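Source: prediction; values computed, not measured. Just so you know, ligand 1 is whichever comes first in the structure, and atom 1 is the first atom listed for that ligand.
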Amino acid sequence: MGRVQLYLFVAVLGMMQVLLLFAGPRSKSDGLAGTAASNTGHGQNPRQSKEGLQWCPDCRGELCARKFLFIVATGRSGSSTLMNMVNQVPGIFLWGENHGALGGIAGMQERFLKAAQDSSDARRAELLQSSQDVVWEWLTPPTFQNDWKRVEVRGFKEIRWNETMVQFIRRSLPCSRLIFNFRLDVEAQSHSDFFKRKQRKPGAEALSTITDKAAALVARSGLPAFQLPLENFSAPEFTRLARWLGADCSFDKVYNTNTGGSMDAATTDARCL
Ligand SMILES: *[C@@H]1O[C@H](CO)[C@@H](O)[C@H](O)[C@H]1NC(C)=O
Ligand SMILES: *[C@@H]1O[C@H](CO)[C@@H](O)[C@H](O)[C@H]1NC(C)=O
């Protein structure tokens with residue numbers, strides 16, 4: 001089984017568990033449309049760790065206990081380099097692209113929430129928590145030799161995003177941050193070898209539209225976001241990013257990679273020290 005299939009399998013298993021939540025007797029609606037927001041982590045529930053406060057200061061509730069980070073990239077915008085650099089930052093591990101797997105989970109949750117319209121708040125909250133459990137498990141980092149890295153923040157980089165996925169993050173993973181990665185020079189981006197190989201490569205205009213849409217999606221998410229265009233890649237800029245990620249380290253250089261998203265610490269010579 002390929003990794004993506006495995007992920008989907010695990011996700012479906014988790015969602016079946018979620019389904020069981022709705023197998024029991026239903027309670028009457030208590031006006032859920034309005035109160036659902038209080039379960040999204042942006043409500044009043046005060047339980048939260050100190051570190052959680054630093055990662056997501058505006059987040060409230062139990063869903064805020066786990067920290068996530070996602071790279072929203074437009075493609076051919078240096079996102080593999082960016083991911084490898086972020087993976088040098090203590091406490092964080094990002095996986096490579098998963099072909100929009102989160103979209104599957106997000107779409108499922110949307111349908112479940114619709115079906116659960118008449119359920120109690122507690123039940124809906126449980127659904128959100130179960131979805132978070134699935135994603136958290138799914139993003140379990142690899143084991144690092146000698147424990148050189150202890151991961152607190154999990155996530156991935158991806159170029160396939162849509163509104164459903166972002167809304168899922170807002171609801172179920174409210175203690176999330178985004179890095180928006182794009183290219184200012186869409187003309188150069190359109191001439192990338194990657195797109196040349198494609199039958200219908202996007203022109204500069206199409207890439208410009210893709211970039212604008214992604215920027216709007218990030219803005220609408222309301223999540224803390226760091227903007228990093230490829231043209232701004234430099235050791236000082238990555239150090240600024242490390243600070244934003246809560247790390248004290250500084251980068252000495254930018255590791256230039258185009259390996260299609262795999263992380264290999266042994267061959268990554270940029271370090272955040
Ligand atoms: C986003 O993508 C997922 C599947 O990848 C799909 O289920 C969902 O309907 C899409 N949402 C929108 C708004 O297009
Ligand atoms: C590029 O980096 C500079 C210096 O940190 C920053 O002021 C500027 O806003 C960045 N440009 C973009 C488009 O993010």
Completion exercise
Among non-hydrogen protein atoms, atom 7 (O) of ligand 1 lies closest to Gly103 O, 3.9 Å
Handout entry: Polar atom proximity, Arg111 to ligand 1 (N or O, under 3.5 Å)
Key = no
Practice task
For residues Phe238 and Trp244, establish whether the separation of their ring centroids is below 6.0 Å.
Solution key: no
Problem - Shortest protein contact, atom 9 (O) of ligand 1 (heavy atom only) - result: Thr164 OG1, 4.1 Å
Exercise for the section: Answer yes or no: is the gap between the SG atoms of Cys59 and Cys64 smaller than 2.5 Å? Expected result: yes
Handout entry: Centroid-centroid distance, Phe70 to Phe156, less than 6.0 Å
Key = yes
Completion exercise
Note: ligand 2 atoms sitting under 4.0 Å from heavy atoms of Arg240 are 5 (O)
Exercise for the section: Step through the shown structure and confirm whether more than 12 heavy atoms of other residues, nucleotides or ligands are within 6.0 Å of CD on Glu205. Expected result: no
Fill in the blank from the handout: for atom 1 (C) of ligand 1, nearest protein heavy atom and its distance come out as Asn162 ND2, 1.5 Å
Fill in the blank from the handout: Among non-hydrogen protein atoms, atom 4 (C) of ligand 2 lies closest to Glu237 OE1, 3.7 Å
Problem - Protein heavy-atom partner closest to atom 12 (C) of ligand 2 - residue, atom, separation in Å - result: Gln227 NE2, 3.6 Å
Handout entry: Arg123/Glu126 ion pair, N-O < 4.0 Å
Key = no
Problem - Best match, Leu228, Asn232, Leu184: closest heavy atom to atom 8 (C) of ligand 2 - result: Asn232
Exercise for the section: May I ask you to check whether Phe68 and Trp55 place their ring centers less than 6.0 Å from one another? Expected result: no
Practice task
Considering only NZ, NE, NH1 and NH2 on the basic side and carboxylate oxygens on the acidic side, decide whether Glu152 and Arg66 come within less than 4.0 Å.
Solution key: no
Handout entry: Flag: protein heavy atom within less than 4.0 Å of atom 14 (O) of ligand 2
Key = yes
Exercise for the section: Without swapping roles, check the side chain of Arg154 against the backbone of Phe93 for a donor-acceptor pair under 3.5 Å. Expected result: no
Exercise for the section: Kindly confirm or rule out an N or O of Glu163 lying under 3.5 angstrom from an N or O of ligand 1. Expected result: no
Practice task
Could you list which atoms of ligand 2 come closer than 4.0 Å to a heavy atom of Pro229?
Solution key: 12 (C), 13 (C), 14 (O)
